[in-house]
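A short write-up of the structure that comes next.
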Number of protein chains: 2
Amino acid sequence: MADEALSAGATARRLGVAVTTLRTWHQRYGLGPSQHVPGHHRRYTSADLVRLDIMRRLTAEGVSPAEAARWARRASDDTVPGGASVRAGSRGVRDGGGTAIPVGRAGPAARGLARAAMRLDTVAISETITRSIATDGVVRTWDLLLRPVLVGIGERHAATAALIEVEHLFSRCVSAAFAAVVAGRPAPAAPPRILLSCADEEQHSLPLEALAAALAEAGVSHRMLGARVPVSALLDAIGRTGPAAVVIWSHIRFTADAAQLTALLTAPRRPLLVLAGGPGWQAETLPAGVIRPVDLAEAVALAVAVRDSLDQAAAS
Amino acid sequence: MADEALSAGATARRLGVAVTTLRTWHQRYGLGPSQHVPGHHRRYTSADLVRLDIMRRLTAEGVSPAEAARWARRASDDTVPGGASVRAGSRGVRDGGGTAIPVGRAGPAARGLARAAMRLDTVAISETITRSIATDGVVRTWDLLLRPVLVGIGERHAATAALIEVEHLFSRCVSAAFAAVVAGRPAPAAPPRILLSCADEEQHSLPLEALAAALAEAGVSHRMLGARVPVSALLDAIGRTGPAAVVIWSHIRFTADAAQLTALLTAPRRPLLVLAGGPGWQAETLPAGVIRPVDLAEAVALAVAVRDSLDQAAAS
DNA sequence: TGCAAGATGCGTCGATTGATGCGTCGATTT
DNA sequence: AAATCGACGCATCAATCGACGCATCTTGCA
């Protein structure tokens with residue numbers, strides 16, 4: 001095979017970790033180049049890289065580094081089981097620390113995802129998200145996996161003004177995963193009766209995309225306008241499509257202009273239901289007639305209810 | 001050209017290096033005259049000179065000599081990074097050949113797409129785009145179908161300050177379609193060596209997503225940071241992952257700060273290739289060493305050229 | 001709920017390694 | 001005779017080494 005032995009730096013870059021981390025893995029876990037003279041430079045052969053890749057994959061799936069290294073050291077081939085089963089085998093192991101993104105008690109899966117994000121490991125991120133959606137559904141994936149990581153990134157970002165590239169790359173993967181869910185559903189016969197839109201100036205559309213994916217998963221078709229929708233454009237869209245329900249998302253107070261909601265309520269062909277989603281909205285300032293779902297699950301439930309009632313009305 | 005074989009000394013002088021260095025390059029990197037009898041004098045043909053010139057240029061740009069030599073050796077018939085032109089990759093990428101005004105099949109399709117957009121008909125939009133990508137590939141879909149529609153929407157949008165919701169919804173559909181292309185490819189074994197990023201403050205990422213999809217279509221993996229990436233974050237990502245090529249997209253002049261490019265070029269372990277994409281960049285203001293692809297097809301071709309660039313390992 | 005203990009990633013520092021360009025030398029080619 | 005060859009060695013400098021410590025996360029427990 002190609003005796004293309006990589007230097008320590010090149011290997012670290014490949015994995016998305018620091019050179020010191022690589023050295024630490026060698027010292028703490030015995031996970032280093034197969035042959036290495038102390039004091040000399042490390043050269044990672046392709047066999048070593050395979051081992052490190054196991055390490056990468058397992059830690060991205062939430063296995064603690066110590067445990068992952070144990071597997072990587074033993075198994076030289078792809079005889080390594082998935083992260084879930086490995087995790088199941090080791091309970092009560094301490095984990096976490098370093099420059100990790102805080103995910104609190106959200107669980108190993110979230111921690112692994114956070115680690116993959118720090119390494120800018122697009123592949124691992126996307127795989128994890130996709131698998132979680134397939135297993136647990138969009139809502140649980142959002143609440144238990146993605147949101148903790150996003151919040152963690154946000155906190156870190158606010159504290160140290162770093163990690164912007166991590167946040168962007170991660171958001172992109174999330175967005176793509178949700179888009180895949182939406183695209184994966186067959187086109188419904190009936191035109192969508194639910195309109196999703198961000199508030200004016202509102203840039204964060206990820207939660208709304210989560211809602212869109214959740215709706216698609218539940219078989220509810222919708223129309224998604226996306227971020228930064230001016231009121232006039234929103235009213236225009238409503239006038240043109242006459243949705244039964246409208247969800248307006250506001251992430252920060254600044255974008256939560258209650259006048260937008262009032263405009264919807266007083267619009268010709270006003271939607272049956274107006275939902276104000278997101279932490280931006282203040283309960284007191286909402287005009288009467290606006291519903292404020294507390295979380296994603298409730299929003300989905302409301303939307304499903306709307307769909308069902310419409311179906312019944314159409315059937316009778 | 002056949003008669004003009006330079007001696008070792010002349011060649012060395014031409015390159016500005018010592019004669020011994022030339023000999024060293026031959027021994028250490030195998031970068032010598034195409035035919036040479038051991039013990040006899042070396043005669044460098046023009047083809048050899050081309051190879052040596054690549055070596056010189058790359059090392060002058062800060063690329064490690066071992067890596068540069070690998071490139072020079074491999075790129076005897078291919079063209080090189082930093083060179084004026086690179087032949088379009090043949091496999092998987094369709095060339096943007098007939099650069100005529102969209103007629104024939106693209107004309108009606110674009111019109112239909114625009115109409116679907118005005119209708120806010122998500123399903124029809126997505127279907128049309130997906131079909132076009134499957135049939136004509138990403139590059140042609142972008143150039144002949146999507147871009148005309150986007151430009152059309154943009155023009156009217158600017159004139160009437162309306163249609164914002166149309167633009168958003170359409171952009172989402174395009175984005176989702178591109179994401180599907182990227183997600184549809186199997187995960188490559190090697191980590192991505194190409195980094196895509198918007199310039200600082202730059203909000204338009206759709207063209208970059210088109211590039212990402214085109215790369216995925218061509219089997220080239222990449223990392224996509226997305227819109228509004230500050231320089232520090234970009235440099236951080238580069239330092240962490242050491243990509244072989246970086247594409248910076250700027251849509252409008254305001255975001256086309258050449259200092260960003262300079263920062264990339266002077267960064268430690270700078271990428272082999274720095275591409276400045278988008279209409280924001282002015283050719284005159286670009287620092288030397290930055291390549292400015294004129295269209296999507298050329299950008300893809302350039303990226304393909306560095307696809308399997310070896311990592312910057314220590315020389316053997 | 002709050003806190004101590006363990007786990008982990010990585011920045012820093014002085015010393016060392018290793019890649020690279022090139023000068024030198026005796027022999028050989030042109 | 002001039003230029004070059006192959007071999008050897010040397011100076012230089014970026015990359016890396018080993019050790020240490022720090023900041024921060026997670027977990028068990030009060």
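Every chain is numbered from 1 and lettered A, B, ... according to where its sequence line falls, protein lines coming before strand lines.
Atom P of nucleotide dG9(C) and atom CG of L52(A) are separated by 12 Å, given to the nearest angstrom. A straight line from CE of M55(A) to P of dT8(C) spans 8 Å, rounded to a whole angstrom. The CZ-P distance, from R28(B) to dG21(C), rounds to 7 Å in whole Å. Remark: C1' of dG18(D) and CG of L22(A) are 14 Å apart, rounded to the nearest angstrom. Protein atom CG of L15(A) is 17 Å distant from nucleotide atom P of dT8(C), rounded to whole Å. Rounded to a whole Å, the CE atom of M118(A) is 6 Å from the P atom of dC10(C). Between L163(A) atom CG and dG9(C) atom C1' the separation is 13 Å, expressed in whole Å. What separates CD of Q27(A) from C1' of dC17(D) is a distance of 9 Å, to the nearest Å.
Projected onto DNA chain C by closest heavy-atom contact, V17(B) and P65(A) fall at different nucleotides, the more 5' of which corresponds to P65(A). Between V19(A) and R42(B), the residue anchored closer to the 5' end of DNA chain D is R42(B), taking for each the nucleotide with the nearest heavy atom. Of the two residues near DNA chain D, G39(B) and H36(A), the one whose nearest nucleotide lies more 5' is G39(B). Checking T24(B) against R240(B), the closest nucleotide of DNA chain C that is more toward the 5' end is the one next to R240(B).
Of the candidates dC25(D), dG18(C), dC22(C), the closest approach to any side-chain atom of R156(A) belongs to dC25(D). Of the listed nucleotides (dC10(C), dT16(D), dG18(D)), dT16(D) has the atom at the smallest distance from the side chain of A8(A). When the nucleotides dC10(C), dT8(C), dC17(D) are ranked by their closest atom to the side chain of A66(A), dT8(C) comes out on top. Of the candidates dT26(D), dT20(C), dG23(C), dG23(C) carries the atom nearest the T20(B) side chain, counting heavy atoms from C-beta on. For H41(A), taking side-chain heavy atoms from C-beta onward, the closest of the listed nucleotides dC22(C), dA15(D), dT29(C) is dA15(D).
Proximity of H40(B) to the phosphate of dT4(D): no side-chain N or O atom is located under 4.0 Å from OP1 or OP2. Put simply, S7(B) has a side-chain N or O that comes within less than 4.0 Å of OP1 or OP2 on dT4(D). Within the structure, a side-chain polar atom (N or O) of T21(A) is placed less than 4.0 Å from OP1 or OP2 of dC10(C). In this structure, R43(B) does not reach the dT30(C) phosphate: none of its side-chain N or O atoms is under 4.0 Å from OP1 or OP2. For dG21(C), the OP1/OP2 oxygens have a side-chain nitrogen or oxygen of W25(B) closer than 4.0 Å. The phosphate of dT26(D) (OP1 or OP2) has no side-chain N or O of R105(A) nearer than 4.0 angstrom. Between Y29(B) and dA19(C) there is no side-chain N or O to OP1 or OP2 distance below 4.0 Å.
Residues T141(A) and D136(A) have side chains that never bring a donor and an acceptor to within less than 3.5 angstrom of each other. If you check the side chains of R119(A) and T21(A), you find no donor sitting under 3.5 Å from an acceptor.
For R119(A) and dG9(C), a side-chain-to-base donor-acceptor distance below 3.5 Å is absent, hydrogens and geometry of angles not being considered. At a cut-off of 3.5 angstrom, the base of dG21(C) holds no donor-acceptor pair with the side chain of R23(B).
Looking at heavy-atom distances under 4.0 Å, H26(A) makes no contact with the nucleic acid at all. Within the nucleic acid shown, P268(B) has no heavy atom closer than 4.0 Å to any nucleic acid atom.
Both tests hold for R74(B) against W71(B): distance to the six-membered ring centre under 6.0 Å, angle to the ring axis within 45°.
Put simply, CG on L22(B) and CZ on R14(B) are 12.0 Å apart, with the number rounded to the nearest 0.5 Å.
The two residues H222(B) and L215(B) have their closest heavy-atom pair at ND1-CB, 4.1 Å.
Ion pairing between R57(B) and E61(B) fails under the 4.0 Å rule for side-chain N and carboxylate O.
Within a 6.0 Å radius of CZ in R185(B), more than 12 heavy atoms belonging to other residues, nucleotides or ligands are found.
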